[in-house]
Each structure stands twice: as structure tokens, then as C-alpha cells.
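Below is one structure, written out as C-alpha cells; the observations come after it.
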Amino acid sequence: MNKITFTLNGQRKTALLESPDTTVLQYLRASGWVGTKEGCAEGDCGACTVALMVQNEAGKAEYQAVNSCLMPLGALAGQEMITVEGVSPDADVHDVTSLHPVQQMMVETGGSQCGYCTPGFIMSMFAAYYRNGGGDASDRDVEGNLCRCTGYLPIRKALAELDAPTADDPFVHKLEQPSLTSQPTFSPTDTGFVYPTTLAEVFEVLEAQPDAVLIAGATDLGVDMNDGRLSAQTLISLEHVTELKALEVSEDAVTIGAGVTLSQLEHLHLFPALSTMISWFASRQIRNRATIGGNIATASPIGDLPPVLLAYDAIITIASKDGTRELALSDFFQGYRQTALEPGDIINQVRIPRQKIPKKKTANASTRLSQSYKVGKRGTDDISIVA
């Protein structure tokens with residue numbers, strides 16, 4: 001049985017992983033941190049939103065809003081998390097008269113009625129409040145949070161009227177000096193959650209435990225976990241495999257590690273159609289966890305990225321213990337939820353060729369024009385009917 005350590009609201013915690021499909025939300029509520037709510041349990045409503053301290057694409061610490069209902073507890077190992085109980089400066093003594101600026105603004109604008117969705121809104125706004133020094137929060141930061149009674153105008157007003165954090169804000173200091181939590185040890189024969197740090201170690205586990213399931217952001221598998229459809233005895237966490245995090249830009253192509261998140265890809269402005277589709281991809285909380293490799297490997301017909309990547313003639317690299325091979329994405333999908341992956345295979349990276357625009361137009365020169373479209377029942381935070 002795995003034992004993990006992490007930081008929760010400034011306190012070091014240790015938890016036993018009694019089952020690999022236990023979610024962070026289930027752990028929180030069972031441990032008395034019941035401010036975090038369960039709504040849909042599918043990542044659609046945002047009631048379960050918490051904030052994780054992560055490294056952004058620039059290598060700096062920042063808070064990111066994530067859905068705790070989709071995050072396996074095992075993925076919390078070595079992480080630092082804040083829930084709605086931890087945002088007040090005096091949260092350790094539960095002084096309800098001392099509010100965080102985000103909470104105070106929600107009070108002043110009347111942004112809460114029944115209050116069930118409010119903790120999730122607070123955590124999404126909390127993460128936005130500290131991003132890039134503050135001052136750039138927008139409606140996009142709460143697109144993954146649904147409210148059924150207050151109405152969005154006072155909530156949007158609260159978000160719009162937030163000032164930047166002050167220099168003496170304790171969370172600003174925390175971002176400048178993040179605490180270090182030990183990473184779990186690795187053993188290829190461990191069950192429950194396994195934490196490899198290299199692809200070679202991933203293949204060790206797959207060889208020792210062929211039925212183990214690979215897991216990265218878990219935004220898709222998390223739904224199966226909540227529905228009781230995930231029966232794997234062992235989950236292989238890919239979050240610490242640095243080889244899957246590479247993002248390289250050359251004159252000929254952009255190579256994206258399978259573990260790169262969609263939030264990181266938002267800052268890649270080389271492929272307009274891809275940028276457009278990512279902007280409509282689920283919600284901020286989902287994009288902070290979902291990976292490009294996971295969106296491809298799940299082979300869902302409603303996946304948002306494959307149509308764009310197919311149009312860009314993307315090529316994927318598949319790795320195994322015997323080496324690597326390349327495959328056009330158009331040849332990767334074999335049918336509904338079926339791919340060209342063999343037992344022991346893993347998507348290593350995705351390469352998107354860059355079109356060379358001729359300096360001088362000739363009779364044979366051509367320029368590819370591309371645009372992506374997504375039709376769904378909602379403007380954001382929805383699956384595709386047509387992409």
C-alpha cells in the first residue's frame with residue numbers, strides 16, 4: 001500500500017492510498033475539509049475546484065485551479081494544495097471575520113446565494129488573483145464554474161474589480177519560496193500508484209505489470225474512476241517523467257512531449273487553428289491537467305485536438321522498451337477507442353511540421369490556410385458535437 005506526503009493548506013500531510021481510484025475530493029471530504037463540494041463528479045461544474053502550486057512554462061511557481069473530483073489522490077504526492085479553508089490569512093484558527101480579498105469582493109458584490117458553488121468560484125478566482133503578479137484575471141478564469149442561483153453578473157463583477165495582491169500578501173511570499181515535499185520512491189513491482197521518473201522505468205513497470213494503466217492528467221480516466229469503471233490494480237503516473245515534458249521549436253517543426261499540458265500549449269502561438277481550438281477546450285481547470293498525449297491516446301471521437309492535428313499532418317512518436325517508431329496521426333486511429341498502440345507502447349511526443357512560407361511567390365508556391373471550429377451545446381466547458 002502506497003504512502004504519500006503532500007502539503008495541504010500549509011500543513012504537511014501523509015495519506016495511505018487504500019485504493020488507486022480514490023480521488024482528491026473523496027480524501028478531502030473524508031478528512032473533514034468539506035468546504036470543497038461535489039457536484040457533477042465529471043469536471044463540468046467546478047464545485048470541487050482546488051488550487052495546486054505548480055511550475056508554469058517559464059519555470060516559476062504559480063497557483064493553478066484544478067478539479068479535485070478528477071484528480072487521483074496518488075497524483076497529489078509531492079504537491080502543495082490549497083482548498084477554500086486555506087485562503088484566509090487566519091485560516092489556521094478559522095477566523096471567519098478575516099477574509100481573503102477574493103472572498104471579500106464576493107461579499108461586497110453579492111456574488112453568493114445558496115453558496116454551494118461559491119467555494120469553487122473562490123478557488124478559481126484565487127488562482128487567477130496571483131497569476132503574473134495579479135491584475136489579468138478575466139471571465140475565462142471561471143468558465144469551468146457553474147452557478148445555478150446567483151446569476152453571473154455579481155460574480156463577474158467581483159472578478160473584474162479585484163486589485164493586484166499586495167507585497168506583504170503571504171501567498172505572494174509562498175510563491176517566491178515554495179516548500180519542498182519529498183517525491184515518492186519508485187519500484188516497478190509496486191501496486192496502487194507507481195511513480196517512474198524516466199521512460200525506462202515506465203517500461204519496467206509495464207513489463208512487470210502488463211495490466212497497469214498509464215495516467216497523466218486523468219481528466220478522462222477520472223470520470224471512469226468516479227463511475228466505478230476503472231478496475232486497474234496499478235496506475236502508472238507519468239507526471240514525473242521529464243522526457244514527456246519537452247517542448248522544442250525548430251524551423252521545420254514543433255515537437256511536443258506527450259506530457260505537455262494544454263495550458264502550456266496555450267502559450268504556443270505558431271499554429272492559429274490549434275490555438276483557437278485550445279481556447280475552446282473544456283475549462284481552465286481541465287486544461288491545467290489535461291495533456292496532449294492523453295487527448296490523443298484516449299481515441300475519443302469527440303476529442304478536440306485530433307481534428308486540428310490531422311489537418312496539420314501531425315506525426316507521433318511511439319516508444320517502447322525496444323525503441324521508438326514514428327506514425328502519421330492519420331494512421332494512429334484504428335476505430336472507436338482503438339489505436340495503433342501495442343502492449344508496452346506509450347506515446348512519446350507529437351511533431352507538427354511547420355509550413356515554410358516562400359519569400360518570393362512563384363507559380364508553384366502555395367500557402368496553407370487553416371481554421372478550426374467547434375460546435376457544442378455550450379460556448380465553453382463542453383464536448384464537441386462537431387469539430
Side-chain angles (χ1 to χ4, degrees), residues 1-9 11-31 33 36 38 41-43 48-55 64 66-83 179-199 201-202 204-206 208-242 244-245 258-259 261 285-286 288-291 293-294 297-298 346:
M1 184 181 298
N2 294 94
K3 180 186 292 185
I4 63 170
T5 60
F6 53 92
T7 301
L8 172 60
N9 295 331
Q11 303 172 13
R12 186 66 60 89
K13 298 288 184 179
T14 299
L16 290 176
L17 298 182
E18 297 181 0
S19 173
D21 59 1
T22 300
T23 66
V24 171
L25 177 61
Q26 291 167 346
Y27 165 82
L28 287 173
R29 296 191 61 80
S31 303
W33 301 91
T36 306
E38 179 175 347
E42 292 187 347
C48 68
T49 302
V50 298
L52 291 181
M53 183 185 290
V54 302
Q55 279 194 338
Q64 284 190 350
V66 302
N67 296 115
S68 62
C69 73
L70 298 181
M71 187 174 179
L73 179 59
L76 201 56
Q79 303 267 26
E80 182 160 353
M81 179 175 65
I82 298 172
T83 69
S179 61
L180 298 177
T181 306
S182 59
Q183 300 291 345
T185 57
F186 166 76
S187 172
T189 57
D190 279 345
T191 57
F193 245 78
V194 186
Y195 303 91
T197 57
T198 66
L199 280 177
E201 291 179 346
V202 172
E204 280 188 66
V205 186
L206 289 174
Q209 304 185 64
D211 294 329
V213 173
L214 299 169
I215 192 165
T219 54
D220 193 38
L221 284 177
V223 178
D224 291 339
M225 291 168 58
N226 285 317
D227 290 343
R229 298 196 302 263
L230 184 65
S231 58
Q233 186 179 13
T234 300
L235 299 180
I236 305 174
S237 173
L238 301 178
E239 291 197 64
H240 305 291
V241 181
T242 55
L244 301 178
K245 305 290 183 121
T261 67
Q285 293 96 313
I286 296 293
N288 285 339
R289 292 283 300 167
T291 64
T298 192
I346 180 174

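In this structure, the side chain of Asn288 does not engage the main chain of Gln64 through any donor-acceptor pair within 3.5 Å.
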Dump the intermediate steps for side chain to side chain contact (heavy atoms under 4.5 Å, CB included) on Leu199 and Leu244, then the final yes or no. CA-CA 8 Å; Leu199 280 177; Leu244 301 178; 4.0 Å; yes
Do Val205 and Phe186 pass the side chain to side chain contact (heavy atoms under 4.5 Å, CB included) test, and can you show the C-alpha distance, the side-chain angles, and the key distance before you say yes or no? CA-CA 10 Å; Val205 186; Phe186 166 76; 3.6 Å; yes
Side chain to side chain contact (heavy atoms under 4.5 Å, CB included) between Lys13 and Leu76, intermediate numbers included: CA-CA 11 Å; Lys13 298 288 184 179; Leu76 201 56; over 6 Å; no
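Between atom OG1 of residue Thr242 and atom NE2 of residue His240 there is a gap of 11.5 Å, rounded to the nearest 0.5 Å. Here OG1 of Thr7 is found 4.5 Å from CZ of Arg12. Values are rounded to the nearest 0.5 Å. Rounding to the nearest 0.5 Å places CG of Leu28 at 10.0 Å from CE of Met71. A distance of 12.0 Å separates CD1 of Ile286 from OG1 of Thr261, quoted to the nearest 0.5 Å. For the atom pair CD of Glu42 and CG of Asp220, the computed distance is 10.5 Å after rounding to the nearest 0.5 Å. Of the inter-residue distances, the one linking Cys48 atom SG with Gln26 atom CD reads 11.0 Å to the nearest 0.5 angstrom.
Side-chain contact between Leu235 and Leu230: present, with at least one pair of heavy atoms (C-beta onward) separated by less than 4.5 Å. Looking at heavy atoms from C-beta onward, Thr22 lies out of side-chain contact with Leu17 at the 4.5 angstrom threshold. Counting heavy atoms from C-beta outward, Phe193 and Leu73 have side chains that stay 4.5 Å or more apart. Taking the side chain as every heavy atom from C-beta outward, Asn9 and Trp33 approach each other to under 4.5 Å. Contact annotation: the side chain of Lys3 approaches that of Thr14 to within less than 4.5 Å [non-hydrogen atoms, C-beta and beyond]. Leu70 is not listed as a side-chain neighbour of Gln285, based on a closest heavy-atom distance of 4.5 Å or more. Glu239 places a side-chain heavy atom less than 4.5 Å from the side chain of Arg289. Inter-residue side-chain proximity for Thr49 and Asn67 is flagged as met; some heavy-atom pair is nearer than 4.5 Å.
Glu38 approaches Leu25 most closely through the heavy-atom pair CB-CD2, 3.6 Å. Taking every heavy atom of both residues into account, Thr36 and Ser68 meet most closely at CG2-OG, 3.6 Å. Nearest heavy atom pair, residue Asp190 against residue Gln209, reads O-NE2, 2.6 Å. Closest approach of Pro72 and Val24 over heavy atoms only: O-CG2, 3.7 Å. The heavy-atom pair separating Lys245 from Gly259 by the smallest distance is CD-O, 3.8 Å. Scanning all heavy atoms of the two residues, the minimum distance from Val50 to Ile82 falls at CB-O, 3.6 Å.
Counting only residues at least two apart or in different chains, salt bridge (Lys or Arg N to Asp or Glu O under 4.0 Å) contacts with residues 226-235 comprise Asp224-Arg229, Asp227-Arg229.
No donor-acceptor contact under 3.5 angstrom links the side chains of Asp211 and Thr234, judged on distance only.
Note on ring orientation: taking the six-membered ring where Trp is involved, the planes of Tyr27 and Phe6 are perpendicular (angle over 60°, cut-offs 30° and 60°).
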